[in-house]
Amino acid sequence: MATLSACASPPWPNPDSPNSNPNPNFLPDQSQTLDFDSLMPPQPESPPPNHHHSPDASPPESSPSPPPPSILYLSFNQDQACFAAAADNGFRIYNCDPFRELFRREFDGGGIGHVEMLFRCNILALVGGGPNPQYPPNKVMIWDDHQGRCIGELSFRAAVRGVRLRRDRIIVVVEQKIFVYNFADLKLVQQIETVPNPKGLCAVSQLSDSLVLACPGLHKGQIRVEHYAQKKTKFISAHDSRIACFALTLDGQLIATASTKGTLIRIFDTDHGTLLQEVRRGANAAEIYSLAFSSTAQWLAVSSDKGTVHVFSLKVNSSIPEQEKSQSSSNSDAAITPSSSSRSFIKLKGIFFFQLEYFLFSF
């Protein structure tokens, strides 16, 4: 069972109450973006070059440079304007357009295995990871970057496999269970039993008036969809094989699923569980790394271990304006192949796909 360990901190910020904000550093409104440049530590001034060298002076010995950090996890924020990278020495936040590093936090030898942003505000969820975890892997640490410290934690009996944030919910995934918390008071709203879920598969809608959560069900190939506004649960038998990956649209009305075979991608209506469209990634089995809808649900991107990213044009009913539909490509099965080898793509699969996903879907 999850427990909250309160730290010495201001009252917990309520993202849904813009007029009641006990923490002045918390920016709940998406339009109020944090000035990340002001958080960058001042860079020490380099000393002026010394052109007077003694002929007897020996050159200074150069100390060996530390090895570059290893990236352990990548994730977009909710509006996909930024993404976060968790590494074995801390975490970094990047802006997508224009692409640049916004800031980084490095811990003394401590690794972060999972980082989740809450839009562009100063609240993040951290989970320890790597050879020397900064925090226990069975805890979710709520980090306030204005204060530069954790203001709370959620503890579990098993290692945390994933975290999802909304302004009104915190969702934590462990091996065979999902915990849903109310963001305002951190009260446990629901516990959901799942099949073994080592990848931490879970998806949640991001529109404020639509709370839809998708997770693995209790049977092979099954998806469970929770409609909280309607107070109903829908089970979708998506595949005969185990679920490998799935993704929700922003409003939670559509879900794309892939199985461990990786040949077919299916798009369902989450309200009734109806199969709306089926697209084929290929004839040979593949490991699906990621699925991503465009913001208008007009496109679906699929990355795999085959060294390609497929972008499909969706023909499902949606609320896309007609002028945006007319801009869609007539090619419904376009494959984008990196110039590097398949091995190189697999090594950089996360970075490549996340960057490509944003630039494809930002137009």
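Each residue takes its place number in the sequence, starting with 1. Only a predicted model underlies this, so the values are computations on that prediction, with no experimental measurement involved.
- Atoms CZ and CD, from F119 and Q80 in turn, are 11.0 Å apart once rounded to the nearest 0.5 Å.
- Under a hydrophobic clustering in which Ile, Leu, Val, Met, Phe, Trp and Tyr are joined whenever their side-chain heavy atoms come within less than 4.5 Å, directly or via other members, L250 and L248 fall into different clusters.
- Classification of R224 and E226 as a salt-bridged pair holds, one side-chain N sitting under 4.0 Å from a carboxylate O.
- Contact check for I123 versus D144: side-chain heavy atoms found under the 4.5 Å cut-off.
- Within the 3.5 Å criterion, the main-chain N or O of S259 finds no donor-acceptor partner in the side chain of S241.
- Among all heavy-atom pairs drawn from V309 and A301, the shortest one is CG1-CB, 4.5 Å.
- With hydrogens and angles disregarded, no donor-acceptor distance shorter than 3.5 Å links the side chain of E287 to the backbone of D305.
- Residue pairs meeting the salt bridge (Lys or Arg N to Asp or Glu O under 4.0 Å) criterion with at least one member in residues 198-220: none, sequence neighbours excluded.
- V212 and F235 fall into different hydrophobic clusters, where Ile, Leu, Val, Met, Phe, Trp and Tyr side chains are chained together by heavy-atom contacts under 4.5 Å.
- A donor-acceptor pair is defined here as one N or O able to donate and one able to accept, closer than 3.5 Å; such a pair exists between the side chain of T249 and the backbone of L254.
- No continuous path of hydrophobic side-chain contacts links L124 to Y73 [ILVMFWY only; heavy atoms under 4.5 Å].
- Here side chain to side chain donor-acceptor pair (under 3.5 Å) pairs that include residues 127-139, with residues two or more places apart or in two chains, are K139-E153.
- Cluster partners of L218 are absent, since no Ile, Leu, Val, Met, Phe, Trp or Tyr has side-chain heavy atoms less than 4.5 Å from it.
- The side-chain heavy atoms of S205 and R166, taken from C-beta on, include a pair separated by under 4.5 Å.
- Shown here for Q78 and L165, the closest heavy-atom pair between the two residues is NE2-O, 2.9 Å.
- For R120 (side chain) and C82 (main-chain N/O), no donor-acceptor pair under 3.5 Å exists by modelled atom type.
- One finds the NE2 atom of H227 at 4.0 Å from the OG1 atom of T270 (value rounded to the nearest 0.5 Å).
- The nearest pair of heavy atoms linking R167 to F183 is O-CB, 3.6 Å.
- W143 and F107 have perpendicular rings, their planes meeting at more than 60° on a 0 to 90° scale where under 30° would count as parallel.
- Side-chain atoms of S210 come within 3.5 Å of backbone N or O of D251 as a donor-acceptor pair.
- Under the rule for a side-chain contact (heavy atoms from CB on, under 4.5 Å), the partners of P137 that lie at least two apart in sequence or sit in another chain are P133.
- Here the side chain of R266 pairs a donor or acceptor atom with the backbone of A238 at under 3.5 angstrom.
- Grouping Ile, Leu, Val, Met, Phe, Trp and Tyr by side-chain contacts under 4.5 Å, direct or through others, puts L213 with I171, V173, I178, V180, V189, I192, V204, L211, Y228.
- Between W299 atom CH2 and H310 atom NE2 the span is 14.5 Å, to the nearest 0.5 Å.
- D88 contributes a side-chain N or O that, together with a main-chain N or O of S70, makes up a donor-acceptor pair within less than 3.5 Å.
- Minimum heavy-atom separation, N95 to A81: OD1-O, 3.6 Å.
- In terms of modelled atom types and a separation under 3.5 Å, the side chain of D145 and the main chain of G148 share no donor-acceptor contact.
- If you chain together hydrophobic residues whose side chains sit under 4.5 Å apart, L264 and V279 never meet in one group.
- Put simply, SG on C150 and CD1 on I142 are 8.5 Å apart, with the number rounded to the nearest 0.5 Å.
- Annotation: side chain of R92 is in contact with side chain of P69 (closest heavy-atom distance under 4.5 Å).
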>> Go through it in stages, so that I can follow the logic: the residues are R281 and S304, the test is side chain to side chain contact (heavy atoms under 4.5 Å, CB included), and I'd like the CA-CA distance, side-chain angles, deciding distance and then a yes or no.
In response: CA-CA 9 Å; R281 190 216 55 80; S304 71; 3.9 Å; yes
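- I255 contributes atom CD1, which lies 11.0 Å from atom CG of D269 (distance to the nearest 0.5 angstrom).
- Judged purely by atom type and a 3.5 angstrom limit, R164 uses its side chain to pair as donor or acceptor with the backbone of C202.
- Considering only heavy atoms from C-beta on, L276 stays 4.5 Å or farther from L314 through its side chain.
- Residue G90 comes nearest to I112 through the heavy atom pair O-CB, 3.6 Å, listed as atom of the first residue, atom of the second, then distance.
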> Could you go step by step and tell me if S75 and F83 meet the side chain to side chain contact (heavy atoms under 4.5 Å, CB included) rule?
Replying inline: CA-CA 5 Å; S75 66; F83 69 91; over 6 Å; no
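- Here I170 contributes atom CD1 and F179 contributes atom CZ; the two are 13.5 Å apart, rounded to the nearest 0.5 Å.
- In K232, the NZ atom is crowded: over 12 heavy atoms of neighbouring residues, nucleotides or ligands sit closer than 6.0 Å.
- In this structure, a donor-acceptor pair under 3.5 Å is absent between the side chains of N89 and R104.
- Through side-chain heavy atoms spaced under 4.5 Å, either directly or across other Ile, Leu, Val, Met, Phe, Trp or Tyr residues, L207 is tied to no other residue.
- Counting only distance, with no hydrogens or angles, the side chain of H114 and the backbone of V127 share no donor-acceptor pair below 3.5 Å.
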> How far apart are the C-alpha atoms of N182 and R169, what are their side-chain angles, what is the distance that settles it, and do they pass the side chain to side chain contact (heavy atoms under 4.5 Å, CB included) test?
Replying inline: CA-CA 5 Å; N182 200 22; R169 293 291 188 272; 3.0 Å; yes
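- H219 and V195 get closest at one heavy-atom pair: N-CG1, 3.6 Å.
- No continuous path of ILVMFWY side-chain contacts below 4.5 Å connects F268 to L300, so the two sit in separate hydrophobic clusters.
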> Would I223 and H239 count as a side chain to side chain contact (heavy atoms under 4.5 Å, CB included) if you check the C-alpha gap in whole Å, the side-chain angles of each, and the deciding distance to 0.1 Å?
Replying inline: CA-CA 9 Å; I223 298 289; H239 299 273; over 6 Å; no
